[in-house]
**Q** 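Here you go, one structure.
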Amino acid sequence: MAQVDVEMPKMGESITEGTVIAWHKQPGDEVEQDEILLEIGTDKVDTEVPSPKGGVLTETLVEEGDTVEVGTIIATLDTDTAAAEVDADDAPPAEAPAEDEAAADEAADDASDADAEDDADAEATPPETDSEEAASPAPSGDEVEVVMPKMGESITEGTVVAWYKDIGEAVAIDETILEIGTDKVDTEVPSPAEGVLTEKLVEEGETVEVGTVVALLASEAEAGSVEPPASDEPDATQETAPEADEAELPSTPPSGDGAVPDADEPQRAPEETITRRGDDGRFYSPLVRSIAKEEGLRMSELESLEGSGRGGRVTKEDVLAYLDEREEAPAAPASAPERSPRPGRSDEAPPARGDYTVDEGPSDEELRQQYGDRIEVQPMDRMRKMTAEHMVRSKATSAHVTSFAEADVTGLVQLREANKEAFREREGVKLTYTPFFVKAAVEALREHPLLNASVEGDKIVIKHDFHVGIAVAIGNKGLLAPVIRNAGDYNVSGLARKAANVAERARNKELQPDELQGGTFTVTNIGSLGSLMGTPIINQPQVGILATGAIQKRPVVVENDGLGDAISVRHMMYLSLSYDHRIIDGAMGSSFLQRVVTELESFSADADLF
């Protein structure tokens with residue numbers, strides 16, 4: 001017996017253990033390579049574990065609900081059994097009758113003749129397996145598959161945001177074919193080869209797992225002989241066989257897929273479909289989904305529950321408690337009352353913590369009835385929707401307070417002016433003020449570790465590594481905050497290179513989702529956009545964010561070495577710190593700001609920082 005061990009996979013640099021949510025296979029079940037064996041979860045992400053080999057699952061070593069360390073063996077596979085079955089299926093019978101062999105030869109000859117004549121009609125129906133293969137021909141040797149790329153260790157799926165190429169269009173190698181997105185970042189997928197797009201296997205808006213084939217490419221010569229795929233749109237000139245409808249249509253169609261349920265099945269509203277993740281990204285375990293389906297719960301009801309599990313996850317007990325309450329108060333409506341189309345209504349309840357999502361809002365026609373025809377209605381793009389959700393959720397989570405300070409950065413300006421040209425020639429990047437701001441923030445964090453923490457329930461988690469996010473403006477679309485990891489290990493020169501690298505890749509949609517998470521503190525240079533000061537919103541689950549305003553020359557009063565006060569023109573800037581008042585009070589916030597000011601004012605033209 002050839003035994004293969006299945007290990008608890010590593011799902012990120014900071015993830016050391018995982019919990020088995022559900023086994024999809026049981027001992028004795030046959031599994032194919034890459035078929036899903038089980039579902040696991042951490043406090044950051046839930047994912048499915050594929051089988052490393054084809055075979056038979058012989059043993060599961062970890063029960064559902066158990067938490068084990070990364071690398072632990074959680075199951076074993078017997079691959080010899082599968083190989084023996086495959087050989088048995090492929091090999092002819094040991095003692096085939098002569099007439100059977102002759103029939104097989106004749107069938108092979110007929111198949112060869114049919115291949116040689118492209119327009120010939122088949123006189124006899126081939127075996128069922130041959131019919132299926134004819135309907136879906138295997139890719140030729142020159143056909144190239146385009147797969148959903150892996151965008152980070154913790155990312156297991158992606159959504160097709162937009163296709164840039166249509167079927168039949170020629171594409172060059174590395175030319176963008178489509179744009180995909182996750183809840184962290186959108187990115188463009190380049191073509192892995194030169195050719196012609198022959199088939200799209202995933203529609204816009206569809207979410208699929210990493211590694212899924214999303215498109216097929218062929219050489220231009222082959223593309224001319226490839227028929228375009230059948231359209232998913234109904235064709236008035238075609239009729240669908242009744243048996244096909246009964247075989248393929250699910251009894252309850254997924255939300256928004258346009259499918260029509262069987263005529264004998266009761267039709268359910270799209271929002272009643274229970275999915276493994278809600279609009280807010282919260283995961284629902286198979287057990288919770290099963291109970292919700294059996295009890296006829298709507299997805300909106302499930303999303304309205306306040307979960308008592310890890311990370312706010314809804315547990316079996318939460319669902320059962322909700323069902324008991326609903327039975328006790330049958331007159332209460334199951335869904336929220338219809339929202340008034342008037343924006344800004346004062347009687348709306350604030351969003352529940354962690355449950356805010358951007359709804360569709362009133363229709364264009366309703367808005368024109370309210371405001372008149374002289375308006376322009378622009379739908380939010382994905383980035384704007386994500387920003388809106390994250391910002392409102394942050395305000396609902398943390399008690400925001402902002403403190404301000406002023407710094408004389410004349411020495412810093414002189415230092416940069418004296419070194420920026422030489423620095424650019426030596427390092428290949430511009431010397432901006434951002435690395436100085438990050439350096440000052442790190443030094444202040446060393447003395448104020450509570451600002452480098454997160455709040456987890458009634459516990460405070462203080463981080464000893466300084467992973468500083470820097471806000472990067474993406475045109476008019478919004479902001480991203482890529483993370484400079486271990487920022488405390490770099491000098492200004494190293495921070496400048498890191499900041500330039502992540503900023504450029506953020507604007508070019510080349511960031512990986514892992515580069516946008518794991519930050520412990522954020523610095524946003526609003527001065528680069530001309531703002532004097534601001535009140536930034538905390539990037540959850542962090543507890544602080546520093547905003548640096550524009551540097552301006554101003555006349556200020558300075559002490560003149562014991563000769564009295566004097567008015568001098570200095571380079572001045574404002575700093576603002578927003579912090580979570582649940583764990584940081586005004587005294588600590590002000591002390592942190594003053595430490596940043598001291599660090600910035602310590603720079604001088606003759607400093608050796610490179």
**Q** Between E389 and T387, do the side chains contain an N or O donor and an N or O acceptor separated by less than 3.5 Å?
**A**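 Result is no, nothing qualifies.
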**Q** Any sub-3.5 Å donor-acceptor pair from T598's side-chain atoms to Q594's backbone N or O?
**A** yes
**Q** Should we count CZ of R424 as having more than 12 external heavy atoms under 6.0 Å?
**A**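 Atom CZ in R424 is not crowded, with 12 or fewer foreign heavy atoms closer than 6.0 Å.
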**Q** Could you report the tightest heavy-atom contact between S578 and T402, atom names first, then the distance?
**A** OG-OG1, 2.8 Å
**Q** The test is side chain to side chain contact (heavy atoms under 4.5 Å, CB included); show your working for I177 and V189 and say whether it passes.
**A** CA-CA 6 Å; I177 295 182; V189 178; 5.5 Å; no
**Q** One pair to check against side chain to side chain contact (heavy atoms under 4.5 Å, CB included): V461 and K463. What are the steps and the verdict?
**A** CA-CA 6 Å; V461 182; K463 319 294 174 59; 3.6 Å; yes
**Q** Please name the pair of heavy atoms, one in V523 and one in A441, separated by the smallest distance, quoted to 0.1 Å.
**A**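 Residues V523 and A441, closest heavy atoms: CG2-CB, 4.0 Å.
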**Q** So, the side chain of H467 versus the backbone of F521: is there a donor-acceptor pair under 3.5 Å, distance only?
**A** no
**Q** Stepwise, does the side chain to side chain contact (heavy atoms under 4.5 Å, CB included) test hold for I21 with L38?
**A** CA-CA 8 Å; I21 298 176; L38 71 156; over 6 Å; no
**Q** Minimum heavy-atom separation for V543 and I538, please, with both atom names.
**A**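 Of all heavy-atom pairs spanning V543 and I538, the closest is O-CD1, 3.9 Å.
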**Q** Please report the closest heavy-atom contact between I537 and I545, naming both atoms and the distance.
**A** O-CD1, 3.7 Å
**Q** According to salt bridge (Lys or Arg N to Asp or Glu O under 4.0 Å), who are the partners of E425, at least two apart in sequence or on a separate chain?
**A**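 Expected list: none.
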**Q** Verify, without hydrogens or angle tests, whether S591 (side chain) and M588 (backbone) share a donor-acceptor contact under 3.5 angstrom.
**A** no
**Q** Measure the shortest side-chain to side-chain distance between P435 and R497 over non-hydrogen atoms and say whether it is less than 4.5 angstrom.
**A**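 Answer no - side chains too far apart.
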**Q** Test your reading of the model: is there a side-chain donor-acceptor pair from N501 to the backbone of K498, 3.5 Å cut-off?
**A** no
**Q** Is it the case that the side chain of S576 and the backbone of T535 share a donor-acceptor pair, with hydrogens and angles ignored and the cut-off at 3.5 Å?
**A**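 Checked: no pair found.
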**Q** Kindly compute the distance separating CD1 (I583) from CD1 (I460), expressed to the nearest 0.5 Å.
**A**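 It is 4.5 Å, given to the nearest 0.5 Å.
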**Q** With a 4.5 Å limit on heavy-atom distance, are the side chains of V70 and P9 in contact?
**A**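 They are not in contact (no side-chain heavy atoms under 4.5 Å apart), so the answer is no.
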**Q** Looking at E204 and W163, would you say the former's side chain and the latter's main chain have a donor-acceptor pair under 3.5 Å?
**A**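 Yes; at least one donor-acceptor contact below 3.5 Å.
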**Q** I need the minimum non-hydrogen distance between G534 and I526, along with the two atoms involved.
**A**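 Distance-wise, the nearest heavy atoms are N-CD1, 3.4 Å.
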**Q** Can you name the residues that form a ring-ring contact (aromatic ring centres under 6.0 Å, His included) with H448, not counting sequence neighbours?
**A** F592
**Q** Could you measure the distance from the CD atom of E601 to the CD atom of E406? Nearest 0.5 Å is fine.
**A** 9.0 Å
**Q** As a quick check of understanding, evaluate salt bridge (charged side-chain N to carboxylate O under 4.0 Å, His left out) for R485 and E515, giving each step before the final call.
**A** CA-CA 9 Å; R485 301 194 179 278; E515 296 178 280; over 6 Å; no
**Q** Does the side chain of V472 reach to within under 4.5 Å of the side chain of V502, using non-hydrogen atoms?
**A**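 Counting from C-beta outward, V472 and V502 never come under 4.5 Å.
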**Q** Quick one: pull up CG in L450 and CG in D585 and give me the separation to the nearest 0.5 Å.
**A** 9.0 Å
**Q** Between Y574 and T548, does any side-chain donor sit less than 3.5 Å from a side-chain acceptor?
**A** no
**Q** What I'd like to find out is whether the side chain of L495 reaches to under 4.5 Å of the side chain of I484, using heavy atoms alone.
**A** yes
**Q** So which atom in T524 and which in P536 form the shortest heavy-atom distance, rounded to 0.1 Å?
**A**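 What the structure gives for the nearest pair is CG2-CB, 4.2 Å.
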**Q** Apply salt bridge (charged side-chain N to carboxylate O under 4.0 Å, His left out) to the pair R582 and D580, showing each step before the final yes or no.
**A** CA-CA 5 Å; R582 291 178 299 173; D580 191 338; 2.7 Å; yes
**Q** Roughly how far, to the nearest 0.5 Å, is NZ of K553 from NE2 of H571?
**A** 4.5 Å
**Q** Are there more than 12 heavy atoms of other residues, nucleotides or ligands under 6.0 Å from atom CD1 of I375?
**A** yes
**Q** Side chains of T520 and D465: closer than 4.5 Å at any heavy-atom pair?
**A** no
**Q** In terms of side-chain heavy atoms, does T410 have a donor or acceptor partner in D408 at a distance below 3.5 Å?
**A** yes
**Q** When the aromatic ring centroids of F436 and F603 are compared, is their separation below 6.0 Å?
**A**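 Distance test on ring centres: under 6.0 Å, yes.
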**Q** Between N452 and I462, does the side chain to side chain contact (heavy atoms under 4.5 Å, CB included) criterion hold? Intermediate values first, please.
**A** CA-CA 6 Å; N452 202 55; I462 299 175; 5.6 Å; no
**Q** Which value, rounded to the nearest 0.5 Å, describes the distance between S493 atom OG and E427 atom CD?
**A** 3.5 Å
**Q** Using side-chain heavy atoms (C-beta onward) and a distance below 4.5 Å, is L546 in contact with V596?
**A** yes
**Q** Using side-chain heavy atoms (C-beta onward) and a distance below 4.5 Å, is V556 in contact with M572?
**A**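 The answer is yes, as the side chains (C-beta and beyond) meet within the 4.5 Å cut-off.
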**Q** Once rounded to the nearest 0.5 Å, what's the spacing between atom OG1 of T212 and atom CD of E206?
**A** 9.0 Å
**Q** Do side-chain atoms of N419 reach the backbone of L415 as a donor and acceptor pair under 3.5 angstrom?
**A**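 Judged by distance alone, yes, a pair lies under 3.5 Å.
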**Q** Only one of Q540, H581, Q542 clears side chain to side chain contact (heavy atoms under 4.5 Å, CB included) with S398; which?
**A** Q540
**Q** Heavy-atom count around E69 CD within 6.0 Å, excluding the residue itself: above 12?
**A**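 Open: at most 12 neighbouring heavy atoms sit under 6.0 Å from CD of E69.
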**Q** Any sub-3.5 Å donor-acceptor pair from R416's side-chain atoms to L431's backbone N or O?
**A**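 Looks like yes, one N/O pair under 3.5 Å.
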**Q** Go through the steps for R507 and E504 under the test salt bridge (charged side-chain N to carboxylate O under 4.0 Å, His left out), then give the verdict.
**A** CA-CA 5 Å; R507 297 187 181 100; E504 180 181 5; over 6 Å; no
**Q** Any donor and acceptor pair, going by atom type alone, linking the side chain of N508 with main-chain N or O of E510 inside 3.5 Å?
**A**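 Not a single qualifying donor-acceptor pair exists.
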**Q** Between the side chains of E443 and R446, is the shortest nitrogen-to-carboxylate-oxygen separation below 4.0 Å, so that they form an ion pair?
**A** yes
**Q** Within the side chain of E175, is there an N or O that forms a donor-acceptor pair under 3.5 Å with the backbone of A172?
**A**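 Looks like yes, one N/O pair under 3.5 Å.
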**Q** Is V319 close to L302 at the side-chain level, that is, under 4.5 Å between some pair of heavy atoms?
**A**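 A side-chain contact exists here, since the closest heavy-atom pair is under 4.5 Å.
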**Q** Hey, could you give me each pair passing side-chain hydrogen bond (donor to acceptor under 3.5 Å, both in side chains) that has a residue in residues 430-442? Not counting sequence neighbours.
**A**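 Listed once each, the pairs would be none.
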